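Labels below follow one simple rule: chain letters A, B, ... track the order of the sequence lines, proteins then strands, and each chain is numbered from 1. Keep in mind the model is a prediction, meaning the values are calculated, not measured.
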2 protein chains.
Amino acid sequence: MGKKLVYFFGGGEAEGNSGMKEFLGGKGANLAEMTNLGVPVPPGFTISAEVCKIYYEKNQQYPEGLEAEIDANLEKLEKMMGKKLGDHDDPLLVSVRSGAAQSMPGMMDTILNLGINDNAVAGLAKKTGNERFGWDAYRRFIQMFSDVAMGLDLQLFEGELEKAKEAKGVELDTDLDAEDLKKLVEVYKRVYKEQQGEDFPQDPKDQMYKSINAVLGSWMNEKAIKYRKINDITGLLGTAVNVQSMVFGNFGENSGTGVAFTRDPSTGEKVFFGEFLENAQGEDVVAGIRTPKNLSYLKEINPEIYEQLFTIKDRLEQHYRDMQDIEFTIQQGNLFLLQTRNGKRTGAAAIKVAVDMVEEKMITEEESVGRVTPKQLDQLFHPRIEPSSKGKLNVLAKGLNASPGAATGQIVFTADEAEEWVKQGKKVLLVRKETSPEDIGGMHAAEGILTSTGGMTSHAAVVARGMGKPCVAGCKAAVVSGGTLQIEGTTYKEGDWMTIDGTDGEVYAGQIDLVDPQITTDLEKFLLWADDVRYKDKRKSVKEKGFGVRTNADTPGDAKKAREFGAEGIGLCRTEHMFFDVGKLEIFQEMIVAESKEARQKALDKLLPLQQKDFVGIFNAMEGLPVTVRLLDPPLHEFVPKTDEDIKELADKVGLKPESIKTMAEDLKEMNPMLGHRGCRLGITYPEIYDMQVEAIMEAACEVEKSGVKVLPEIMIPLVGTKMELKVLRENAEKVVQNVLKKNNSSLAYKIGTMIEIPRAALTANEVAEDADFFSFGTNDLTQMTLGYSRDDIGSFIAEYLDQNILPYDPFQSIDQAGVGQLITMAVEKGRATKKDLKMGICGEHGGDPSSIEFCYRNGLNYVSCSPYRVPIARLAAAQAVAADLLNE
Amino acid sequence: MGKKLVYFFGGGEAEGNSGMKEFLGGKGANLAEMTNLGVPVPPGFTISAEVCKIYYEKNQQYPEGLEAEIDANLEKLEKMMGKKLGDHDDPLLVSVRSGAAQSMPGMMDTILNLGINDNAVAGLAKKTGNERFGWDAYRRFIQMFSDVAMGLDLQLFEGELEKAKEAKGVELDTDLDAEDLKKLVEVYKRVYKEQQGEDFPQDPKDQMYKSINAVLGSWMNEKAIKYRKINDITGLLGTAVNVQSMVFGNFGENSGTGVAFTRDPSTGEKVFFGEFLENAQGEDVVAGIRTPKNLSYLKEINPEIYEQLFTIKDRLEQHYRDMQDIEFTIQQGNLFLLQTRNGKRTGAAAIKVAVDMVEEKMITEEESVGRVTPKQLDQLFHPRIEPSSKGKLNVLAKGLNASPGAATGQIVFTADEAEEWVKQGKKVLLVRKETSPEDIGGMHAAEGILTSTGGMTSHAAVVARGMGKPCVAGCKAAVVSGGTLQIEGTTYKEGDWMTIDGTDGEVYAGQIDLVDPQITTDLEKFLLWADDVRYKDKRKSVKEKGFGVRTNADTPGDAKKAREFGAEGIGLCRTEHMFFDVGKLEIFQEMIVAESKEARQKALDKLLPLQQKDFVGIFNAMEGLPVTVRLLDPPLHEFVPKTDEDIKELADKVGLKPESIKTMAEDLKEMNPMLGHRGCRLGITYPEIYDMQVEAIMEAACEVEKSGVKVLPEIMIPLVGTKMELKVLRENAEKVVQNVLKKNNSSLAYKIGTMIEIPRAALTANEVAEDADFFSFGTNDLTQMTLGYSRDDIGSFIAEYLDQNILPYDPFQSIDQAGVGQLITMAVEKGRATKKDLKMGICGEHGGDPSSIEFCYRNGLNYVSCSPYRVPIARLAAAQAVAADLLNE
């Protein structure tokens, strides 16, 4: 005989341990580990995953000697338990469960109560003093075995159960008594025979082997294969099989069941926290038949068991060095631990536990950084509905969780009203079919935004995320028309209170109290630890402090906020948002409709000092840190007035006929504006616009420098597709820069670079790099063009694509690594082939997405840039990327 | 002394020959060659391009010994001519010209009349008996020398010339007499001294060396460098310098000048064809002062010289083995040849000459294929304005030459009217601001299309080219509004006759007679020779007959026409055009607005037999050849009615409210339809549409097969971006295919493949190939997405981009090889890494562009596909690509 294939655990000793996950699976290794720790675990044995491997290699045959080993382990188990499978007086019942090295929840098979037969059912009744218990267990076993082990149609059994209840005129399973269930078992056995062509197996060993085969078989079911593929789980041997003696919390008095956390999973406080139910099984809790009590009740009625549990939970937490979520059962005064695992927790709890454990010297600061997921951290940066009250609320409708956080306010239907109402001291929710750039003021004023159309990347969603403003988008049940909102037949009017939760996309009627986000000292501490890890970045391509985190910010206010959150510079300052400000939009429109170069220049001359002022504010806010300013990007038609009234107003102002402005606006319209006359194409056709912007940037930089504030301007040219565009525009910009520097007698350092957002720019990055001081990947546009998805229009098919798994995730949320990512990798390589130390960053929305951040790190980018509210998340994700890399060294 | 640096030619003997282009440049080598042939050429010498190379290597110093060599050659020249530079009685005049191995017209410098000084001017006057001639030559020389050799501002001299004419109150240079010119020479010399700080050089050798330096310097002027870069001219040594004795056709009687073609450049007929002007210089012809006479006049007045010229032209044609364009001058009864080169010719002439020369056994069939450019061939496939009358026409306006050929007709402003009028037997031109898919019927009916907006790739342009219908697009001077057309203040109404020439974008008022295209037997012969060359394709990736030419055709009529033109299959059959047919559009609309899956299926069931009928026609027309059918591609909103009237009509028909159809249409609208819900995305979200189409294709194939006609259907799935899309859709299609085959008891072969038109598909072609039997590159969309240009909107900046040379050419006309081409190369490699013999073609508009065809060949594509009217051009371009490849072997 070769390798050992079956590992026993029980009686304070196990043949395996937690280091053997590869062979015993997560569950088996953990059961062994707990046993070795002296924690009372129902004994049993684990069949190694090696068996699964051989089983498939040998065309579904067991390895030699396996049955002998299983039989020996079963004998040992029966001896230890003093019970036998199928015994008439005191039968042993076991569970048969799968358990691979990586968790695959719900993917593979489990069979409970194995060992019952016509003979043992009586023993079970006798032992519990509850005849119904025995027959119910038998019924459930037949059903589960038939379904899971034999592949019979579960409906056949559920149908008979329904019939039995109908015949008796009752509704609940629990209304069937022992006699009813006894009859049902007979029916079940008949169904089994009809389907399977043989009697229901009475030999418990026969039951066991069939169940083991079922578990092994489930490794290769379609569901499991797909799950492994989607989650990229590879390199596993197969699943292990755990055969474990059953314990019952409903074995009469002095029995019970419970779940507990070693710390409070909501707050992270170090208190023993859990629930307990007397004389019950876990499924009773789930079924909601009885309400569990606080753990203190256990302490009251059984202080000894409570004390034992308390000691065990401490031991487990110390051993696993993390907060544990444990399941326990008390059978006739004996405590058994059925499971321990790292406990799920809220963002707040994750931070508290991580920081506390460092202070308790349980983990290192560096380890603590791995204990909080970016998603958990994200929860802390938005107002929330009080978690305890949330479950009791009536959800009115559900849309897309477009921008996290909750918001409550009186609904209004136009951006103007939103601003008006807020000026009057009211809190509003802006409700729109969809938003457009003209709504920005109103969106800013509102507490949150609700739209009936549009996807995760609609204007509303993107802008709201940028503002850190809660948003539920594409809420189809919400019909916005004629100044009212209708949901499921109810009409809501202007001024009605509503609440949205952008974290899960839920919409509620009425005003709901919210909990505000706070940056605690714990959080600050934690993020600095994360930064320490992040600065350990050892990549050769990065010569600076390490993998950087910048922010996308267009105003001094945003810049300040981002800096508070730890931003190390601005990676994207969009100049066009400035043009939407009151007082500037009209001048910009005047510039657009100008009928001569002179008229255009006149308008630009008026804009120059205004833009300069914007930049002064931002440079001051970002003292000493780099600020990347992108020159005008969107197509001009976005700025042109749309209503007749606005057109007339502009016409009067600039002395043109409304018709000619209308014609101009018409001419500016495009079939596919995303691929139209925008970005550097405007810079080529209207060089005077970019000249004005460059002048404003450099004049502002000189002004700020003179006041003694260090300024690091980086001028970024968008939408470059060919080297020539950048060459021409860089030459133009250099001329303006040199003029301004000379005029100010300054020699301040500046950079001129480009966005890489057109596939061709990535493909020819070696050429583009010749004229660039830096690259910034604009992954929003790069995703649109590489995949051919307009992010404004993707809503009509993305849901179907995700459902059918044609896309594994939304490529506008997380970088499509195989496609878009391939272009990024290529551009990094080609760019650095031309300029070894070319600085590269990302400023698309992906800059705030953890897996994209990891991708950027792995591909040698110098920094990521994201909206202010995601800066802390990016700092954590970046630190985790560095940590993973250091581990791989 | 090292290598020989200066090469003499003259007196029937030359030191160089036409094989020495690398050293002597094109001009120098040709002058030597002609001299050796015994053709009378004014003697001279060529300074090797090697000198230019050394000159720049040595920091603009001559190689050792050069001056001695030049002086020796000059002496030889003076001796041979019996004249001396600067001589008082009979001065020798020379020209100094550049001439590199590759022609760079107008890029480098030329100086004429060199050798005149205060002394020689008198000799010149004496010799010609024309004082004015001498002073005019001197004036011109000072001006040219100052500008070209010394870099002085030409304006300074032109200004003085103007002043002289003003002073005399005349307008033409020729109105200045000898005395005036003499004075002007004095003024010129003064200007020269003021500017240059020294007297105008009187030493002819000094003049010569300064001129030689100027020519050498012009090699590195900005213009020339740019020209070489743009035209990708590399590897040249530099320019050679030709010093050649001047001859003058205006040396009195028995003098003259002329140009001639060895065959008729318009028709290709073998007749000696040319013009002659007595006692004149070439520039007199250019200035239009005198009208040249037919060569027969020379024969009349000087039969000996004519005979001599006739013999020479035969010798030159035999020698160069191509039709020659020659320049000659007769000075005092002596004939000199100044230039011979291959003559430019019309398309018709190119074919005639190529075929005749094969029959005259002057060239081989294979050589003849290289004698016609695809562009020349293209001329033959469109009606033309009679070339002789064209120059006399008054051009009303100019637009883009969107689709070649001329058309004349009565103008109408809507597609419906176009169809209506044509039914009444009229010929119409459709004039629109821009066209849309609903105009197809009208476009088809019209003789040609004129639009006021839109670029070379606007709807009108693309569809017109597809139909082979003349089109002038984006004619900005044409204002279409309120049912009239206004051009430069004149209003044209419905029914007015106009004519357009899509070959050069010109628009004319009135009806003009056109010449119809004819496929001559010569042309047929020629194209078969081209095919013979094409089938010599030896690429390993191509196992079939060779590099194939297919067509894009949507109707049996187009298919038949393309087949006549030599198409070897259909590379793209667009099914959506079929839905625009009367009777089908309404059903298709019914399908789109269906409110349930059942209603949609009902409409599809009605469409099925109609689509099947379409396919039967096409399969029959293409008997034995493959037919690639693309499943539905455009977004659904393109099919939805737009006017209230049409909406109401549809609403009544399908029993819905007009409002709900309006809402539906509104919902279908997209911000960027090009990147929206179209192509295979429709196949995923509405699988029943693709199922219907696949069923129609396969039922049609079975029906045709049963009638004994061989059919090779290829089902093509558009807009695939991920492997999963193709996998899912292929599985769906296979199910339908198998059902149809089973039902028809058929086992006919079919293929299922995909378009590669999304950058991501190219980047992940190895994965996509797993589920594809073939790839077809959709380079229109691939260009749009790779460069981020919407072809509908590019008009607003493409002109500027081409002007500023940011783009070397329109990427929608010819593949952008560095960007889009890189993706194609990548997709070919990756696709064939997965499937070694994966069949690949191109079906974008580039399939008819010669340089793109060459690119496709070089990148291993199996075939190109283009519109029917471009099939012959593609056959030729493909043959030339193969020929070039065979030469490289």
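- Both the backbone and the side chain of Thr786(A) come within less than 4.5 Å of a heavy atom in chain B.
- Counting heavy-atom pairs closer than 4.5 Å to chain A, the top residue among Leu787(B), Val728(B), Thr722(B) is Leu787(B).
- With chain B as the partner, the residue from Asp816(A), Leu682(A), Leu719(A), Val820(A) showing the most heavy-atom pairs under 4.5 Å is Asp816(A).
- Residue with the most contacts toward chain A among Gly721(B), Ala762(B), Pro759(B): Pro759(B) (heavy-atom pairs, distance under 4.5 Å).
- Neither the backbone nor the side chain of Asp781(B) comes within less than 4.5 Å of any heavy atom in chain A.
- For a residue to count as touching a neighbouring chain, one of its non-hydrogen atoms must lie under 4.5 Å from one of that chain's; by this rule Leu807(A) touches chain B with the side chain only.
- For Gln822(A), the part lying under 4.5 angstrom from a heavy atom of chain B is the side chain only.
- Counting non-hydrogen atoms of other residues, nucleotides and ligands closer than 6.0 Å to NZ of Lys830(B) gives a total above 12.
- In terms of heavy-atom proximity, Met671(B) sits nearest to Pro673(A) at O-CD, 3.3 Å.
- In this structure, OG1 in Thr685(B) is found 12.5 Å from CD1 in Ile798(A), a value given to the nearest 0.5 Å.
- Contact of the Met724(B) side chain with the Tyr801(A) side chain is not registered, since no non-hydrogen atoms from C-beta on lie closer than 4.5 Å.
- A side-chain contact (heavy atoms from CB on, under 4.5 Å) with Leu675(B) is found for one member of Leu675(A), Ile794(A), Asp793(A), Asn672(A) and no other, namely Leu675(A).
- The two residues Met826(A) and Leu763(B) make their nearest non-hydrogen contact at CE-CD2, 4.1 Å.
- If you tally non-hydrogen atom pairs under 4.5 Å between each of Glu800(B), Glu767(B), Glu725(B) and chain A, the highest count goes to Glu725(B).
- With respect to chain B, the highest number of heavy-atom pairs below 4.5 Å among Gly788(A), Gly819(A), Ala818(A) belongs to Gly788(A).
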